[in-house]
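Sequence lines set the chain letters: A, B, ... in the order given, protein chains first and strands last, and positions in each chain run from 1. Just the heavy atoms: all of them, side chains too, but no hydrogens, waters or symmetry mates, feed the values below.
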Amino acid sequence: MTVPTPPAGSEEPVAYDPTAVEAKWRARWAERGTNATDLHGARPYYQLMMFPYPSAEGLHIGNLYAFTGNDIHGRFQRMQGHTVLEPLGYDAFGIHSENFALKMGVHPTELIPRNVANFRRQLDRAGLMVDWRRQVDTTDPAYYKWTQWVFLKLYERGLAYKKQAAVNWCPSCKTVLANEQVINGACERCHTVVEQRALEQWFFRITAYAERLLKNLDWIDWSESTRTAQRNWLGRSEGAELRFRVLDPLTDAGSAGVMVSQEITSGSTVIPVFTTRPDTIFGATYLVLAPEHPAVERITTAEQRADIEAYRERARRQDLVSRQVNKEKTGVFTGAYAVNPANGDMIPVWTADYVLMGYGTGAIMAVPGHDERDFEFATAFNLPIVRVVAAPDDDAHTPLTAAYTDDADGRLVNSDQFNGLPVADAKRQVTDWLTQRGTAKAVTTYRLRDWCVSRQRYWGPPIPIIYCDACGTVPVPEQDLPVVLPNVPDYKPDDSGVGPLARHAAFHDAPCPKCGKPARRETDVSDTFLDSAWYFLRYPSVPRDDVPFDPALTKTWLPVAAYIGGNEHAVLHLLYARFINMVMFDAGLVPTEEPFKRFRAHGMIIRDGAKMSKSRGNVVNPDAYMDQWGADTVRTYLMFIGPFEEGGDFRDQSISGVRRFLDRLWASARDARTDGEPDAEVMRKLHQTIKKVGDDVPALSYNTAIAAMMEYMNVLRRGERVPHRAEVEPLVQLAAPFAPHITEELWELFGRSGSVFDAGWPAYSEALAQDDAFDLVVQVNGKTRGKVSVPRDVTQEAALAAAQADAGLAKFITGAPKKVVYVKGRLLSVVV
RNA sequence: GCGAGAGUGGCGAAACUGGCAGACGCGCUGGACUUAGGAUCCAGUGGGGUGACCCUUGCGGGUUCGAGUCCCGCCUCUCGCACCA
């Protein structure tokens with residue numbers, strides 16, 4: 001492919017033709033291996049972008065936005081002398097692909113390669129500096145062999161376990177979902193309301209890492225918004241677990257107020273509750289257990305049994321949305337009483353769905369005086385409300401018209417020996433006191449739950465476990481990996497709670513690896529988020545088949561130097577990836593506890609002020625724009641429309657400005673003169689621009705870097721001047737990360753032999769960038785009244801004299817100044 | 001409700017630790033070149049006033065020689081989390 005040259009003798013200058021230039025350099029890069037990374041090169045720099053799910057619709061403009069932002073950063077680092085590894089792959093397993101395949105009636109094994117091929121074509125066009133030799137595809141057995149290996153590593157370390165639990169079940173996707181995949185009680189994929197089902201599932205013990213995952217957030221170099229989202233998700237809260245003994249009808253019979261049941265209960269039941277406010281124990285007037293709490297069964301009295309059963313049944317059937325959205329308090333008395341460990345009061349035990357089984361112990365002590373939810377419940381059911389904390393202006397007898405929850409200024413009342421203590425002190429002292437009495441311990445609870453990784457679906461890596469009647473649960477030995485996902489025509493999920501692979505005897509039946517007797521394979525596959533939780537470890541070691549990641553390469557390339565991606569993955573992918581990396585670190589397989597040295601969340605692209613969506617019909621098709629404007633223009637435009645970390649508004653109308661800039665760059669290089677000297681004024685602006693672009697690009701301020709180059713372009717061509725080559729050539733380098741094809745072409749036009757990306761970054765000279773005279777702003781009484789041209793290092797006296805000598809300024813400076821403020825190099829402020 | 005972020009021309013947006021508000025681009029206006037212009041180039045472009053000047057960064061106060069930027073009190077929007085005890 002060559003760029004058309006004008007016919008001999010033609011006067012017509014060659015116009016910028018992006019189609020030809022881009023095709024030429026795509027071919028040239030492939031031929032020369034320009035984008036191939038030497039894994040043993042000097043100053044390794046791992047530039048990571050979030051690999052896409054290859055949808056049938058093709059590359060989304062949002063993907064392109066993220067990739068371009070990464071690519072510019074990677075290319076810039078290369079021009080700074082780093083050996084940059086910029087890999088990419090496909091996150092092609094998962095429910096989304098499978099649902100789409102089912103809908104279209106095309107098997108995923110056919111659909112995915114087709115989508116991948118289309119993605120690859122679009123990605124190639126975008127001019128990314130990707131080393132495709134390191135590509136990964138999560139659906140390739142050569143990859144998921146190691147995903148299964150990761151599962152086994154966790155199993156080995158006691159971090160993967162199977163348990164029966166109430167889990168989120170999507171009736172439409174017919175599979176369980178992780179908590180992270182349930183948004184407002186609905187499936188994040190299909191938005192169907194999620195049900196609760198009791199199923200046996202594989203879990204990863206991520207909660208064992210909660211503390212470390214939280215602590216490292218204090219120092220990792222990540223976008224603040226992402227760290228905050230993770231902190232909230234981990235949800236650490238400090239408090240105490242208090243033990244309440246439920247009165248036994250036999251032993252406690254005769255105690256005043258106990259309703260003796262005919263039912264004989266065996267032994268005494270102790271209900272542990274978690275609270276962050278142990279200081280309010282004297283105000284705990286009843287207990288509430290979640291409807292699913294196992295103790296409910298045991299303590300309910302005969303009189304209350306029918307009501308309780310009905311209530312539990314209702315709660316069980318109710319989906320999460322109505323349970324969460326309908327916040328009206330409901331509940332039923334169990335008939336049982338428990339003893340308040342602080343004051344010995346007998347308090348009723350209720351069950352209510354405002355208490356969640358999944359958090360803390362699934363039971364609470366209700367302190368209606370100082371908790372809004374308990375106050376609401378107590379009011380609805382006429383339960384006693386006791387004040388145990390008083391605001392500075394209140395006393396022990398001030399009536400409570402609402403829960404008083406302030407824990408900063410309150411002091412304890414109605415709490416025996418703790419009266420008068422501030423809340424913070426009381427928390428500690430009450431916990432200590434109860435701990436000594438054996439009814440409490442200080443505990444820290446996390447909102448985070450263990451990661452449910454089983455999926456009752458087809459399109460994922462089979463979980464490498466075999467169940468043997470004799471040997472029990474047996475992990476598939478490493479040498480038997482991968483457990484290949486069979487290519488079966490019947491892969492539709494059903495409502496049985498068991499994955500479709502269970503229907504395929506050839507897969508399901510397998511000999512026990514230990515004893516060789518007939519046994520059964522696990523038929524669930526693992527969550528897609530496991531595929532992506534370790535992919536960054538794999539890239540440098542592709543295509544090694546003997547190890548998931550080579551120790552030496554991993555040590556060289558990890559942790560990732562720069563990771564840029566969408567904040568929608570703040571608590572999913574990014575938390576799981578940190579967890580898996582931490583486990584690998586504990587196993588001595590990766591060099592650092594944290595996988596990503598630096599993470600930045602990019603913003604979202606909207607279009608004409610509105611969110612892009614298929615239903616709105618305002619989705620930008622990258623192919624059409626690259627056809628019309630060229631990839632370099634699309635890339636540069638995407639980066640120009642707003643701050644990269646905040647996103648921007650894609651408007652068709654504005655793209656022409658960026659194309660005009662590249663047209664002018666082309667013309668400036670083509671027509672540049674080589675005779676004589678470059679203009680000193682222009683060169684000064686050039687050096688200021690080198691500085692600005694060099695500062696802005698690593699800070700991801702791409703929009704201002706482009707603006708600076710445009711500004712320089714205006715100077716370069718002001719008044720239709722013909723620029724000197726020395727004025728243009730460095731600009732070609734500055735623009736290269738943004739517009740790689742055109743700049744390679746112009747670099748070649750200048751007679752350079754290698755790639756512009758191996759030519760380094762233009763040298764910046766502070767001396768050349770410095771203006772010798774400048775305009776000093778003069779303010780009088782706080783108002784800007786004009787400016788005077790003075791030397792840069794002028795003294796205050798000289799500056800004031802210059803201001804007073806200026807006719808336009810002198811009229812404002814009447815009489816002797818009362819006060820003069822002089823900021824060197826900036827302004828002079830005179831008060832009269 | 002809690003947490004995070006953001007409100008600046010007709011539009012997308014700039015503004016380093018407080019120091020000329022509106023860089024750059026779109027659009028618009030005028031001009032040049034043209035048979036032509038939805039091409040290219042040049043110039044202008046926050047609002048008001050004939051003018052010297054005045055007003056202007058969501059609203060109201062404050063600190064300061066000086067506030068888009070800092071402090072106090074509100075309003076609006078976006079994104080997370082949401083009965084988490």
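Within the structure, a side-chain polar atom (N or O) of Arg664(A) is placed less than 4.0 Å from OP1 or OP2 of C42(B). Side-chain N/O atoms of Ser237(A) include one lying less than 4.0 angstrom from OP1 or OP2 on A85(B). OP1 or OP2 of A21(B) has at least one side-chain nitrogen or oxygen of Thr784(A) nearer than 4.0 Å.
Ion pairing between Asp221(A) and Arg227(A) fails under the 4.0 Å rule for side-chain N and carboxylate O. The pair Glu681(A)-Arg718(A) fails the salt-bridge criterion, with no side-chain N (NZ, NE, NH1 or NH2) lying under 4.0 Å from an Asp/Glu carboxylate O. Ion pairing between a basic and an acidic side chain is recognised when a charged N comes within 4.0 Å of a carboxylate O; Glu238(A) and Arg236(A) show such pairing. A salt bridge does not link Lys691(A) with Glu766(A): none of the charged nitrogens is closer than 4.0 Å to a carboxylate oxygen. Note on Arg684(A) versus Asp679(A): no salt bridge recorded, every NZ/NE/NH1/NH2 to OD/OE distance being 4.0 Å or above. A salt bridge does not link Lys692(A) with Glu711(A): none of the charged nitrogens is closer than 4.0 Å to a carboxylate oxygen.
Across A82(B), C79(B), A13(B), the shortest atom-to-atom separation from the side chain of Trp233(A) is found for A82(B). Distances were taken from every side-chain heavy atom of Arg447(A) (C-beta onward) to each of A15(B), A82(B), C16(B); the shortest belongs to A82(B). Looking at the side chain of Pro643(A), the nearest of the listed nucleotides A85(B), A14(B), G80(B) is A14(B). For Ser656(A), taking side-chain heavy atoms from C-beta onward, the closest of the listed nucleotides C26(B), C24(B), C54(B) is C26(B). Checked against A43(B), A85(B), C41(B), the side chain of Arg718(A) finds its nearest nucleotide in A43(B). Closest to the side chain of Arg651(A), from the set C65(B), C11(B), A13(B), is C11(B). Taking only side-chain atoms of Asn703(A), from C-beta outward, the nucleotide of A85(B), G25(B), A14(B) with the closest atom is A14(B). Out of G3(B), A21(B), C65(B), the shortest distance to the side chain of Asn232(A) is found at G3(B). Considering only side-chain atoms of Met710(A), the nucleotide from C41(B), C24(B), G19(B) that sits closest is C24(B). In the set G80(B), C41(B), C65(B), the nucleotide with an atom closest to the side chain of Val831(A) is C65(B).
Of all non-hydrogen atoms in Ala403(A) and Pro368(A), the two that sit nearest each other are CB-O, 3.9 Å.
Residue contacts shown for Asn714(A) are limited to sugar-phosphate atoms, with no base heavy atom under 4.0 Å away. Residue contacts shown for Arg231(A) are absent, as no nucleic acid heavy atom lies under 4.0 Å away. Within the 4.0 angstrom heavy-atom criterion, base atoms lie near Leu827(A). When heavy atoms are screened at a 4.0 angstrom cut-off, Thr445(A) is found touching no nucleic acid atom at all. Within 4.0 Å (heavy atoms only), Val821(A) reaches at least one base atom of the nucleic acid. Heavy atoms of Arg659(A) sit nowhere under 4.0 angstrom from any nucleic acid atom. Residue Gly782(A) is in sugar-phosphate contact alone, with no base atom involved, counting any heavy-atom pair closer than 4.0 Å across all strands shown. If you check every strand for non-hydrogen atoms under 4.0 Å, Glu720(A) touches sugar and phosphate atoms only. Across all strands, Lys611(A) comes closer than 4.0 Å only to sugar-phosphate atoms, never to a base (heavy-atom distances).
On a pure distance criterion of 3.5 Å, a polar donor-acceptor pair joins the side chain of Arg826(A) and the base of C16(B). At a cut-off of 3.5 angstrom, the base of C20(B) holds at least one donor-acceptor pair with the side chain of Lys787(A). Residue side chain Gln653(A) does not reach the base of G12(B) through any donor-acceptor N/O pair under 3.5 Å, judged by distance alone. No N or O donor and acceptor, one from the side chain of Lys818(A) and one from the base of C65(B), sit under 3.5 Å apart.
A residue-by-residue look at Asp663(A) and Ser829(A) shows that Asp663(A) has its nearest nucleotide of RNA chain B further toward the 5' end. Each of Arg277(A) and Thr704(A) was matched to the nucleotide of RNA chain B holding its nearest heavy atom; the match closer to the 5' end belongs to Thr704(A).
Following rounding to the nearest Å, Met639(A) (CE) and C24(B) (C1') show an atom-to-atom distance of 16 Å. We find that CG of Leu448(A) is positioned 14 Å from P of C81(B), with the value rounded to whole Å. Protein atom CZ of Arg660(A) is 13 Å distant from nucleotide atom C1' of C24(B), rounded to whole Å. Between Leu716(A) atom CG and C24(B) atom P there is a gap of 15 Å when expressed in whole angstrom units. The distance between atom NZ of Lys692(A) and atom P of A15(B), rounded to the nearest whole Å, is 6 Å.
The aromatic ring centres of Phe381(A) and Trp350(A) sit less than 6.0 Å apart. When ring centroids are compared, Tyr354(A) and Phe377(A) come within the 6.0 Å threshold. In this structure, Tyr625(A) has its ring center closer than 6.0 angstrom to the ring center of Phe650(A).
Taking atom P on both nucleotides, A14(B) is separated from A6(B) by 12 Å, rounded to a whole Å. If you take atom P in A67(B) and the same atom in C59(B), they sit 15 Å apart, rounded to whole Å. As rounded to the nearest Å, A15(B) and G62(B) have C1' atoms that lie 24 Å from one another. For the C1' atom pair drawn from C24(B) and C33(B), the interatomic distance equals 27 Å after rounding to whole Å. Rounded to a whole angstrom, the distance from the P atom of C72(B) to that of G3(B) is 15 Å. Comparing the C1' positions of A23(B) and U8(B) gives a spacing of 13 Å, expressed to the nearest Å. Taking atom C1' in both G73(B) and C79(B), the straight-line distance is 25 Å, to the nearest Å. For the C1' atoms, the distance from G10(B) to G46(B) is 10 Å, rounded to whole Å.
For G9(B), the O4'-C1' to base torsion is within 90° of 0; the nucleotide is therefore syn.
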- Note on the structure: Annotated structure of RNA chain B as dot-bracket, pair cut-off 3.5 Å, Watson-Crick or G-U only, | for inter-strand, is (((((((..(((......[....)))((((((.......))))))(((....)))..(((((..]....))))))))))))....

Can you give me the N/O atom pairs linking the protein to nucleotides 48-53 of chain B at distances under 3.5 Å, or say none if there are none?
residue	atom	partner	partner atom	Å
C53(B)	OP1	Lys811(A)	NZ	3.0

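Within a 6.0 Å radius of CE in Met604(A), no more than 12 heavy atoms belonging to other residues, nucleotides or ligands are found. Atom CD of Glu372(A) has 12 or fewer heavy atoms from other residues, nucleotides or ligands within 6.0 Å.
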- Message: Evaluate Tyr65(A) against Phe644(A) for ring-ring contact (aromatic ring centres under 6.0 Å, His included), listing each step before the verdict.
- Response: CA-CA 9 Å; Tyr65(A) 182 67; Phe644(A) 186 60; 5.0 Å; yes

- Task: Step by step, work out the side chain to side chain donor-acceptor pair (under 3.5 Å) result for Arg449(A) and Thr207(A).
- Result: CA-CA 6 Å; Arg449(A) 325 258 173 94; Thr207(A) 51; over 6 Å; no

